Amino acid sequence: MTANATVTFVGNATTLLRLGAFTLLTDPAFGPAGSRVHLGYGAWTRRLLDPALGYADLPPLDGILLSHLHGDHFDGAARRVLPRDLPIITTTQAQRRLRRRSFSAVRGLPTWDAEEWRRDGQVLRVTALPGRHGPGLVDRLLPDVMGSLVEWEVEGERRLRLYITGDTLYRPFLGEIRERCGEPDVMLIHLGGTRLLGLTLTMDGRQGAELTGLIRPRLTLPIHYDDYRVMKSPLGDFLTECQVRSLTGVQAIGRGETLTLA
């Protein structure tokens, strides 16, 4: 029975999670450098870097974990290659839209609801967590976004608690995640300081460091910071802000790199 947990950084918010008997893919985007994605309301952005892996390079998947339905998280290349019956865990809003596109195994989770897989004495549980993609009323114009708590258990023993932020801005109410769910072993944090029409729509370095200090995971892995032109806050901003705050356990993960988590 496999009892390891690893993450492979594919690019942007796309990661491959191998958690014992289970394999998940997050926010699939496989378009090459130079490809354009639609962000809504006539706005587009261009990809700057190739993903480290294509869909054909992946092992068999148990499912997709989709934080929200935006072009840089579920692009045209992914839509063309993903099987229509592959389970997808996402927001209730994205569930409705994906089912209209013939994805038949989509489960939309309200905040704090969970979905489980069980196999060979192991449990993989995904709980939907709160998030806010935009400032103030602008958030209502953007796709609903969720964070995710991914918990892996073997024979009743918790082996990993992983928090994936999704494209949320920093908000103090996110502290409820630690209060309700406990200390995460690992946090995959979406950064980039995405700016569109003068508005910041994802955490920049300062906000990311504030969230890291609020959640206090044992290990923080920054992703989603340099793949598209709309991203204005490079990884160095976040690393510097964490150093200024004396935050420990922050580690960069390279494109295509695989790290052991548990």
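None of these values were measured; they are calculated from a predicted model.
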Heavy-atom closest pair (I253 atom, Y225 atom, distance to 0.1 Å) is O-OH, 4.1 Å
Run through T45, T202, D167, D204 and flag the one making a side-chain hydrogen bond (donor to acceptor under 3.5 Å, both in side chains) with T194. T202
Can you check whether F103 reaches P83 side chain to side chain, under 4.5 Å on heavy atoms? no
Correct closest heavy-atom pair for C242 and V250 would be SG-CG2, 3.9 Å
P32 and P51: which non-hydrogen atoms are nearest, and at how many Å? CA-CD, 4.3 Å
Under a 4.5 Å cut-off applied to non-hydrogen side-chain atoms, are Q122 and L124 in contact? no
Any side-chain heavy-atom pair from L49 and D226 closer than 4.5 angstrom? yes
Calculate, to the nearest 0.5 Å, the distance between atoms CG and CG belonging to L82 and L66 respectively. 10.0 Å
Looking at residues at least two apart in the chain, or sitting in another chain, which of them share a side chain to side chain contact (heavy atoms under 4.5 Å, CB included) with R159? A3, W152, V154, E157
Sub-3.5 Å donor-acceptor pair from the side chain of Q95 to the main-chain atoms of G108, do we have one? yes
Just by distance, no angles: are the side chains of T23 and D62 close enough, under 3.5 Å, to form a donor-acceptor pair? no
Which pair of heavy atoms, one from P222 and one from L191, lies closest together, and at what distance? CB-CD1, 3.5 Å
Verify, without hydrogens or angle tests, whether R84 (side chain) and R101 (backbone) share a donor-acceptor contact under 3.5 angstrom. yes
Partner set under side chain to side chain contact (heavy atoms under 4.5 Å, CB included) for L199, not counting sequence neighbours: P135, V138, L201
Would you call E257 and F9 a side-chain contact if the rule is heavy atoms closer than 4.5 Å? no
Residue from V186, D185, V150 passing side-chain contact (heavy atoms from CB on, under 4.5 Å) with R161: D185
Is I189 reachable from L17 through a run of I, L, V, M, F, W or Y residues, each pair having side-chain heavy atoms under 4.5 Å apart? yes
Under 3.5 Å donor-acceptor, T92 side chain and L109 backbone: no
Charged N to carboxylate O below 4.0 Å: is that the case for R255 and D227? yes
Side chain proximity check, E176 to W112, heavy atoms < 4.5 angstrom: yes
Might you work through the side-chain contact (heavy atoms from CB on, under 4.5 Å) test for M146 and H68, ending with a clear yes or no? CA-CA 7 Å; M146 73 177 194; H68 65 303; over 6 Å; no
Determine whether a donor-acceptor pair (N or O, by modelled atom type, separation under 3.5 Å) exists between the side chain of D144 and the backbone of T91. no
Worked check of ring pair (Phe, Tyr, Trp, His ring centres under 6.0 Å) between F30 and F74: CA-CA 8 Å; F30 297 115; F74 197 90; 9.5 Å; no
Taking the side chain as every heavy atom from C-beta outward, state whether I64 and P28 have any pair of such atoms under 4.5 Å apart. yes
Interatomic spacing from CZ in R107 to CG in D113 - rounded to 0.5 Å: 6.5 Å
Between T168 and R132 (side chain of the first, backbone of the second, donor and acceptor by atom type, cut-off under 3.5 Å), is there such a pair? yes
Give me the one residue out of R158, R125, R118 that meets side-chain hydrogen bond (donor to acceptor under 3.5 Å, both in side chains) with E153. R125
Within the distance-only criterion (no hydrogens, no angle test), does the side chain of Q243 pair as donor or acceptor with the backbone N or O of T240 below 3.5 angstrom? no
For T26 and T15, test the side chains for any donor-to-acceptor distance below 3.5 angstrom and give the result as yes or no. yes
What distance do E155 atom CD and D120 atom CG have between them, rounded to the nearest 0.5 Å? 9.0 Å
If you compare all heavy atoms of G31 against all heavy atoms of A77, which two are closest, and at what distance to 0.1 Å? N-CB, 3.6 Å
N/O donor-acceptor pair under 3.5 Å between T111 side chain and L129 backbone: no
Does any non-hydrogen side-chain atom of L221 lie less than 4.5 Å from one of Q251? yes
Flag the pair I164 / H190 as yes when at least one side-chain heavy-atom distance between them is below 4.5 Å, and no otherwise. yes
Give the intermediate values and the outcome of ring pair (Phe, Tyr, Trp, His ring centres under 6.0 Å) for residues H70 and H38. CA-CA 8 Å; H70 237 165; H38 185 227; 8.7 Å; no
Does T14 reach the main-chain N or O of V10 with its side chain, forming a donor-acceptor pair under 3.5 Å? no
Rounded distance [0.5 Å steps], CZ in R245 versus CZ in R206: 7.5 Å
Near-ring test H73/H224, centroid separation under 6.0 angstrom: yes
CZ/R97 to CG/L69 distance, rounded to the nearest 0.5 angstrom? 6.5 Å
Any sub-3.5 Å donor-acceptor pair from N4's side-chain atoms to T260's backbone N or O? no
Would you give the length of the straight line joining atom CZ of R119 to atom CD of E116, rounded to the nearest 0.5 angstrom? 13.5 Å
L219-L174 co-clustered via ILVMFWY side chain contacts under 4.5 Å: yes
Just by modelled atom types, is the I215 backbone N or O under 3.5 Å from a matching donor or acceptor in the R178 side chain? yes
With hydrophobic residues grouped by side-chain heavy-atom distances under 4.5 Å, do L160 and L16 end up in a single group? no
When you look at L39 and Y228, which way does the side-chain contact (heavy atoms from CB on, under 4.5 Å) test go after all the steps? CA-CA 11 Å; L39 300 179; Y228 292 90; over 6 Å; no
Are V123 and L261 grouped together when hydrophobic residues (ILVMFWY) are joined by side-chain heavy atoms under 4.5 angstrom apart? no
Is the shortest distance from a Lys or Arg side-chain nitrogen in D72 or R47 to a carboxylate oxygen in the other one below 4.0 Å? no
Write down the atom of T90, the atom of A94, and the distance for their closest heavy-atom approach. OG1-CB, 3.3 Å
Test side-chain contact (heavy atoms from CB on, under 4.5 Å) on L86 and L61 and set out the steps. CA-CA 8 Å; L86 183 65; L61 300 174; 4.1 Å; yes
Do R218 and E183 sit within salt-bridge range, that is, some charged N less than 4.0 Å from a carboxylate O? yes
Hydrophobic cluster identity match, V106 and Y55, side-chain contacts under 4.5 Å: yes
Does the pair L188 and L162 meet the rule for a side-chain contact (heavy atoms from CB on, under 4.5 Å), with working shown? CA-CA 8 Å; L188 284 174; L162 168 66; 4.1 Å; yes
Just by distance, no angles: are the side chains of R195 and T200 close enough, under 3.5 Å, to form a donor-acceptor pair? yes
